[in-house]
Amino acid sequence: MVKSAFISIISQEDNKENKGSVEFQIVSFTNKIRRLTSHLELHRKDYLSQRGLRKILGKRQRLLSYLAKKNGVRYKELISQLNIRESKTR
């Protein structure tokens with residue numbers, strides 16, 4: 001159910017904007033993160049996938065902070081749509 005919901009979000013996002021937009025990249029990273037997390041629940045000692053997950057998490061975090069600085073309204077909408085926690089401010 002969760003997977004189909006994110007596929008539909010990506011297809012909607014694809015129709016609205018191009019694949020280079022910040023929102024689309026965040027949605028695709030979130031989809032990859034959820035897929036890798038479910039993989040790591042089965043294969044706990046897959047350290048290479050853990051490293052890949054950490055890299056993708058960092059990329060998504062940087063994109064989210066960029067979006068929060070540039071357009072706070074779109075950031076709030078995207079976070080609520082994807083059901084992600086808000087990032088901690090430094």
Heavy atoms, side chains only, cut-off 4.5 Å: are Y75 and K69 in contact?
no
Nearest 0.5 Å, please: how far is CZ in R54 from CZ in R51?
8.5 Å
With a 4.5 Å heavy-atom cut-off, do S49 and H43 have their side chains touching?
no
Side-chain heavy-atom pair V27, L78 within 4.5 angstrom cut-off:
yes
Considering only heavy atoms from C-beta outward, does the side chain of I84 approach that of R60 to under 4.5 Å?
yes
Nearest 0.5 Å, please: how far is CG in L67 from CZ in R74?
5.5 Å
Heavy atoms from other residues, nucleotides or ligands near CG of L48 exceed 12 (cutoff 6.0 Å):
no
Taking atom CZ of R35 and atom CD1 of I56, what is their separation to the nearest 0.5 Å?
8.0 Å
Show the nearest heavy-atom pair for residues L36 and G52, with the distance to one decimal.
CD1-C, 4.3 Å
Spacing of CG belonging to D46 relative to CG belonging to L40, to within rounding of 0.5 Å
6.0 Å
Could you grab the distance from atom CG of L63 to atom CD of E23, nearest 0.5 Å is fine?
10.0 Å
Please name the pair of heavy atoms, one in G20 and one in Q25, separated by the smallest distance, quoted to 0.1 Å.
O-NE2, 3.0 Å
Any donor and acceptor pair, going by atom type alone, linking the side chain of Q50 with main-chain N or O of R44 inside 3.5 Å?
yes
If you measure from CZ on R85 to CG on L64, what distance do you get to the nearest 0.5 Å?
12.0 Å
